[in-house]
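Lettering follows sequence order; numbering is per chain, from 1.
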Amino acid sequence: MGWNIKMPDAEYVTLGSRELDGLVREVVDKKKVAIDTETDGLILHKCRPYYWSMCFKSEMGRERRITLPADTLGAFKPAFNDYEKKWVFANAKFDMHMLSNLDINIKGLLVDVQVMHALLYEEQPHGLKDIASTLLGWKWTDFTDTFGSMRAGICVCGGSKASHFNKDGICKKTGCAEFRQVGPLDLLRRAEATNMNLLIDYAANDAFGTWKVFEKLDEDLAKEDTWSLYDTQWPHIKTMWDYYYKTEMPFTRVLFACERNGLRVNKKYLQDISPGILRDMATLRSKINELTGTMMKTNGPMLAEYFIGKCGLRPHKMTKGGKSGVQKPSVDEKFLDWVATEHRDKVYGEVARLLCEHNKIEKQYGTYIEKMPGRLDAQDRVHPRLNQDVARTGRLSSSDPNLQNVTGGEKDLYKLRNSFIAKKHHKLIVADYSQLEMRLLAAASQEPAMMEIFHKNWDIHMGNVSIVYGIPYEDMVEAKKIDKAVGKKDLPESALTDYVKRCLSLRGSIKQIGFGLNYGMKEKAMAARIGCSVEEAIDTIDKYMATYPAVRAFFASAAEDARRTGYAFTLMGRRRYLPDIIARDDYTRFRAERQASNMPIQGTAAEVCKMAMINIYEDVELREKYGYEMCLQVHDEIVGECPDEHVDIVVPRVREWMEHPFPTDIGVPLTAEIGYGDEWGNAKKG
DNA sequence: TACGGCGGCGCG
DNA sequence: AAAGCGCGCCGCCGTA
């Protein structure tokens, strides 16, 4: 098996066996137990464990490594109900879902070795097999290698004894043509029938590996000091061990609750808007075919051939070239937009416009109309995963589906955000931080002038313009009002005087500067973004930096510190190692520098939202008395659901936790805007 | 036929 | 040669 250590024999304990009662008693007494499940699939809301395994240190100081059938789980309820016990998992939320689907609900603390690993080795993969192999030098075969491929078909008539299909889809054994895709369950059944010992051994490996990896990571976290911008403010978080157990471990339970709740989807709404979208796409497609005289694919290399080869346009940039390394002209939205405006009177200008429109609709249709119904549970709720060990900055990521990139605002042509709704007699509570990253920039740099803007509760971009250019803040506010009124046709165009226009344009450009700096943008890119000359961009940046010298110093020291220490860090002391910061290659090094200046801001913003969510979750009354349940986080936004009658109590309470995520002040006020409504897209601020 | 890479684009 | 941080997913294409 590739093991180079002495491993305890795998035990197998079944329901009704003589050993079971003794084992339950022993587990009840344990402070820490590693467990893992073997399930019939990966779907969070419906798959179930068929076997499970555990590992813990017995009285003799020796690890026990045990596989059990799922029907034994009920016997361990006394252990699962212990609030103090630490349950060690690899990918805890997944196993929690599987157990929960059998109505087994673990009350104790959820320790996840993958999350622990992500804190120390954020640049590496965090799967259990990867961790075990890099930390301990252990390897064992994965599920597919042990039990066979899931790709082959399986015969329905064959029952639990799996029979493979030939290439024509006919069962080799019976000639039966009725088949379905092989799932993990089929493989487990096959293993049961053919080699039960292998199954027992394999299942026990995962729990044992989890346990050994846990022991190592637990020690290593304690050796790792946090280095925080504000370390004196949290004397109780001295090491990464402290950080893990006080922050990430409780957060896992919060995320599990979010995933478990999911969001309700209005299936009928999706059905209703589907035909119209299909019609729009078909219309666009036929127009494109007509104009180009071909059955043109709407994306892919054919586009380059058409615009560059056939129409003779000059490409803006080239693609990377893939495996073959053949670079082709890039046909992205920017290019299509350019063609559509520069050549609007030509046939291909119109084609570009139509392609642009079509491709956006196609993407949204595929993602949110076509695939969504298959993801829903019996209550029409979708359960996106909220991954705690993916983003190197410490942010969450969302997948299956990703609800952190649902189209919104103007681009949401078919109001897809409104397909996410509250359940009956409930409202969605949508809470947003305002200008979180800009506030954290002010706090991290301790720039007094910028902090002052937030203390006065000014709009940061208008405040920046006001200070950098000496324009009275009131004028900026007035300009924005006029702009809004003209937009609504309450005022004539003539109300937009040159002065008002100047105020508005300065706000726009300084806003881009603010974002650009966070991303480590250089003046050239800034100029392109703002739509001004490079000289003007340099001038604006200079003015900005002269006004906020501490901000300049902050960005400079972010890169310098990373060069000296090898890593960038956040307010709570999470690190991101950046070996490329000393790369000889300029492009590589510059990228590391941009990452170094972005990490403290983006990473700290992630921590702010994380702490807020923990606070909200641990405010038990919110849940148990007022029925508030969290559903989703979109980086600086927390989406929850609560009964209609409790909205007035829940909203200010959620706001309070968001605005005070830490036990101490960070020197800049944080503010959250909270809206509620029946649909995600319509949650009105109130 | 399945998979991985890539281009492109959605969000913060 | 390249100069915008962090993600995930779609369709397409080349590959085995």
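Using a 4.0 Å heavy-atom distance criterion, A:S398 is classed as a sugar-phosphate-only contact. Residue contacts for A:D636: at a heavy-atom cut-off of 4.0 Å it reaches the sugar-phosphate backbone alone, with no base atom in range. Base engagement by A:Q602 is indicated by at least one non-hydrogen atom pair under 4.0 Å involving a base atom. Among the heavy atoms of the strands, none lies under 4.0 Å from A:R589. Within 4.0 Å (heavy atoms only), A:G408 reaches sugar-phosphate atoms of the nucleic acid but no base atom.
Atom CD of A:E357 and atom P of B:dC9 are 14 Å apart (whole Å). Taking atom CD1 on A:I601 and atom C1' on C:dC5, their separation rounds to 11 Å, with Å as the unit. Between the CD atom of A:Q364 and the C1' atom of B:dG8 there is a distance of 14 Å, rounded to whole Å. One can place OH of A:Y519 at 10 Å from P of B:dG12, the figure rounded to the nearest angstrom. Put simply, CG on A:N402 is 12 Å from C1' on B:dC9, counting in whole angstrom units. The interatomic distance linking A:N359 (CG) with B:dG7 (P) rounds to 16 Å, in whole Å. Look at CG on A:D389: it is 10 Å from P on C:dG8, rounded to the nearest Å. When rounded to the nearest whole Å, the span between CZ of A:F569 and P of C:dC5 equals 20 Å.
Among the nucleotides C:dC7, C:dC5, B:dG10, the one closest to any side-chain atom of A:T407 is B:dG10. Side-chain atoms of A:K363 lie closest to C:dC10 of the nucleotides B:dG10, C:dG11, C:dC10. Distances were taken from every side-chain heavy atom of A:V390 (C-beta onward) to each of C:dC5, C:dC7, C:dC10; the shortest belongs to C:dC7. Listed nucleotides: C:dG8, B:dG12, C:dG11. Nearest to the side chain of A:H635: B:dG12.
In this view, A:E122 satisfies the salt bridge (charged side-chain N to carboxylate O under 4.0 Å, His left out) rule with no residue, not counting sequence neighbours. For A:D585, the salt bridge (charged side-chain N to carboxylate O under 4.0 Å, His left out) test picks out no residue, with sequence neighbours left out. With sequence neighbours left out, A:H383 forms a ring pair (Phe, Tyr, Trp, His ring centres under 6.0 Å) with A:H45. With sequence neighbours excluded, no residue satisfies ring pair (Phe, Tyr, Trp, His ring centres under 6.0 Å) with A:Y368. Partners of A:Y544 by ring pair (Phe, Tyr, Trp, His ring centres under 6.0 Å), not counting sequence neighbours, listed by chain and number: A:Y548. Remark: A:H117 pairs with A:Y121, A:H126 by the ring pair (Phe, Tyr, Trp, His ring centres under 6.0 Å) rule, at least two apart or across chains.
Within the structure, a side-chain polar atom (N or O) of A:Q595 is placed less than 4.0 Å from OP1 or OP2 of C:dG6. The phosphate of B:dC9 has neither OP1 nor OP2 within less than 4.0 Å of any side-chain N or O from A:K411.
Within 3.5 Å, no donor on the side chain of A:R392 pairs with an acceptor on the base of C:dG6, nor the reverse.
With hydrogens and angles ignored, the 3.5 Å screen pairs a side-chain donor or acceptor of A:N266 with a backbone N or O of A:Y269. A:S434 places a side-chain N or O within donor-acceptor distance of the main-chain N or O of A:T671, the cut-off being under 3.5 Å.
Residues A:R381 and A:V265 fail the side-chain proximity criterion, which asks for heavy atoms closer than 4.5 Å.
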Are any protein N/O atoms closer than 3.5 Å to N/O atoms in nucleotides 1-3 of chain C? If there are, list each pair with its distance.
residue : atom : partner : partner atom : Å
C:dA2   : N6   : A:D585  : OD1          : 2.9

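Taking a pair as Watson-Crick or G-U with both hydrogen-bonding distances under 3.5 Å, the stems of three or more pairs touching DNA chain C are B:1-12 with C:5-16.
Nucleotides C:dA1 and B:dC9, compared at atom C1', are 24 Å apart to the nearest Å.
Sorted by first then second residue, the salt bridge (Lys or Arg N to Asp or Glu O under 4.0 Å) pairs that include residues 412-421 of chain A, not counting sequence neighbours, number zero.
By the neighbour-count criterion of 12 heavy atoms within 6.0 Å, atom CG of A:L413 is densely surrounded, having more than that number from other residues, nucleotides or ligands.
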